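Note sheet for the following structure.
Note that the coordinates shown come from a computational prediction; the quantities given were computed from them, not determined experimentally.
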Amino acid sequence: MLVPTLCQAATGSAAVDTWYVRPTAACANNGDGLSYACAASEGASGAFRDPSNIIWTSTTGVDDGDTLYVCGSHLDTVLAVGTVAGTRTLPITISFSCPSDRGSIRAVHNMTEALTANNWTNESGSLWYLSVASYTWKNPRRVWVDGEERFAADAKNTLGTRIGSASAPLSTWFYDSGTDRLYLYAAANPATTLTSLYSLVAGNGTCAYTAMCLNSASITDIEIVNPILEGGNFGALYNLGPSRVEIYGTDTDDTLCEIGKDSTRGVLFSDTAGNGTGTASYDLSVHDCTVDQMIPTGFNGYAWEWNAGIGDGVHLLTGTIRPQVASNTIRNWVHGAVTISATAGTTSVTDALVEDNAMTCDNQVSYCRAFGIAGTAIGQAARNVFRRNLISNASIRTQINGDHNVIVANIFKDQRPDIIYTDRTESIETQAGAAVSQDNLIANNTFLNNSYAPCISIRGGAEGTVSGNRYLNNLLINCGGSTYTAGYENVALSVQSGAGVGNNEFRGNLIYDSSQTNTVYYKATGKTTVAGFQAACSGDVCSGNLSSDPLLMSETDVRLRTTSPGYRAGVGTACLDYRGRACPSDRPNIGAYQSTSGDPAATRAVRN
């Protein structure tokens, strides 16, 4: 990275300015940043050369009301936003839609030292290692050999084997954190055949672990428009402490904003310390973006979560207040499309709004869930709203911990079995873990086609408390599988026994499977019918639940016909349906739709 000198000072003004930054390879000299052309000499009129030369100062540099264009492909670098602040009326805009020269940041490192034979040591047989001790962020996390991504082993002695299943690719690299060595599985010295080796190792520069970062509570009112952010040892975009930062795309199909390719995490929002002990971030948002890890299709049949170490599309970490994640396409994340983690420190994740997102997983992606909420104490993960999201092809359960969270009008469909964890394929689970799961509302969701596990599972036992939760007006169709945990097979709703499970409310749900009669597992009663569940109900509220054919519009159109037993048969609760219509306050439909009219596959723009 280049360091600006005194002769390179920008000459901006107190007025609104437009700035440009171009890749190091594009320009020979660093300019004043005020024009797209390359500077004829150092400090002359022309674009900043590399993001490290951007001047972030009031009046003479990028400040409130200004627009900074990121132009061209910036490789093996990071855009670290300086300590600047826009205002609510004059935000600072960082746009990757540079006229005729679309911008991108790719934080993937070219390990040129791997091309020198003397840098490799043969430990034994096919085990060759390269020292990564000189890097600050030493774990490669993802490795590309000659442009092709390679699969990692979970231990040195599993190199050259298939991990997780017989269909997994051969594992060919491993990082040993005890010795700071990158191992490759090769018949001969890798340098004799390599043309390139890339990974996510990183040096000691500011925010070197990511492609773009904002890391001061003094940073406010920033708009990041149509970014392309790839790579990053810890993730593609980190926001630690700044408030009122908006990340968005300007098209209707989420393709102009691309975050997370070849990374380990897409977007992280947290406090200044990143661990619950710093100054919290407020009012952050990401919308109309594609957040995709881009896992190769050849990585089918493996347990990626063992290897990537991180794996969330949008991670709302402790110290994030009122964030919004809306109208995005989030896919192929090996832990969760959206994850709320409030399990450390004293700050919280509260009042998040996650709506209108399409969350999906390709078949080659293991341990892929839609979303998860985790809080270790009352109030730490609380009052967060997940609504009107479309979840498809997930392989691991969505997990609801915390308290007073709202899960409403989402569609969960076509759950698939996980490659490794066949006992974690519930569509959604309320589970305390080491904390609490209390007073959450799970209402008016539609669950369709999970032939591997219950669509709704409640589990507590000795792990914690699951109480005060309300399960209202949910539509469960074709849920439950014969390969699920023994004793709980073929049920759509599972309520397990346990000292911490009780005082929950189950009302107005419709559970139907044409091939099963006993569709509920309820505590000591075990498997039973919906009617039997209601009769056996003890310590909970169970009423108005139905088991008749819901009479959908079609097998793929999950709206109810007006003749459906679920039509206007729910219990009153305030909500918006999947298309944004208000639920009737007295007798709403069961499921995610409140109307039989209009296009059931309406775009987010129509629903909004």
Any non-hydrogen side-chain atom of [X] less than 4.5 Å from a side-chain atom of [Y]?
| X | Y | result |
| --- | --- | --- |
| Phe447 | Gln415 | no |
| Tyr248 | Cys257 | no |
| Phe371 | Asn357 | no |
| Asp221 | Arg88 | yes |
| Gln324 | Glu246 | no |
| Ile247 | Ile259 | yes |
| Arg387 | Val406 | no |
| Leu240 | Cys213 | no |

**OP:** Decide yes or no on side-chain contact (heavy atoms from CB on, under 4.5 Å) for Val530 and Thr519, but give the supporting numbers first.
**Re:** CA-CA 7 Å; Val530 171; Thr519 55; 3.7 Å; yes
Say whether [X] and [Y], considering side chains only, have a donor N or O and an acceptor N or O under 3.5 Å apart.
| X | Y | value |
| --- | --- | --- |
| Asn444 | Asp577 | no |
| Tyr471 | Thr430 | yes |
| Gln496 | Tyr521 | no |
| Arg568 | Asn589 | yes |
| Thr517 | Thr529 | no |
| Glu429 | Ser457 | yes |

Original post:
When you look at Leu560 and Leu552, which way does the side-chain contact (heavy atoms from CB on, under 4.5 Å) test go after all the steps?
Top reply: CA-CA 5 Å; Leu560 302 180; Leu552 303 180; 3.8 Å; yes
Original post:
Hey, mind stepping through Val334 and Ser366 against side-chain contact (heavy atoms from CB on, under 4.5 Å) and telling me if it holds?
Top reply: CA-CA 6 Å; Val334 294; Ser366 176; over 6 Å; no
**OP:** Begin with the C-alpha distance, continue with both residues' side-chain angles, and end with the deciding distance and a verdict on side-chain contact (heavy atoms from CB on, under 4.5 Å) for Ser281 and Asn239.
**Re:** CA-CA 8 Å; Ser281 295; Asn239 187 102; 3.5 Å; yes
Please give me the minimum heavy-atom distance between [X] and [Y], naming the atom from each residue.
| X | Y | answer |
| --- | --- | --- |
| Cys455 | Leu476 | CB-CD2, 4.0 Å |
| Asn410 | Phe386 | ND2-O, 3.1 Å |
| Ser395 | Thr425 | O-CG2, 3.2 Å |

Expected output: side-chain [X] to main-chain [Y] donor-acceptor under 3.5 Å:
| X | Y | value |
| --- | --- | --- |
| Tyr522 | Ser538 | yes |
| Asn545 | Ile511 | no |
| Asp283 | Ser243 | no |
| Asn328 | Val286 | yes |

**OP:** Report the residue from Asn363, Asn332, Thr360, Asp362 that forms a side chain to side chain donor-acceptor pair (under 3.5 Å) with Asn393.
**Re:**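 Going through Asn363, Asn332, Thr360, Asp362 one by one, the side chain to side chain donor-acceptor pair (under 3.5 Å) with Asn393 is satisfied by Asn363 alone.
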Original post:
Of the options His335, Gln293, Arg265, Arg369, which is the one that meets Asp312 in a side chain to side chain donor-acceptor pair (under 3.5 Å)?
Top reply: His335
Original post:
What's the spacing between Leu448 CG and Thr446 OG1 if we round to 0.5 Å?
Top reply: 8.0 Å
Original post:
Would you call Asp351 and Arg383 a salt bridge, using N to O less than 4.0 angstrom?
Top reply: yes
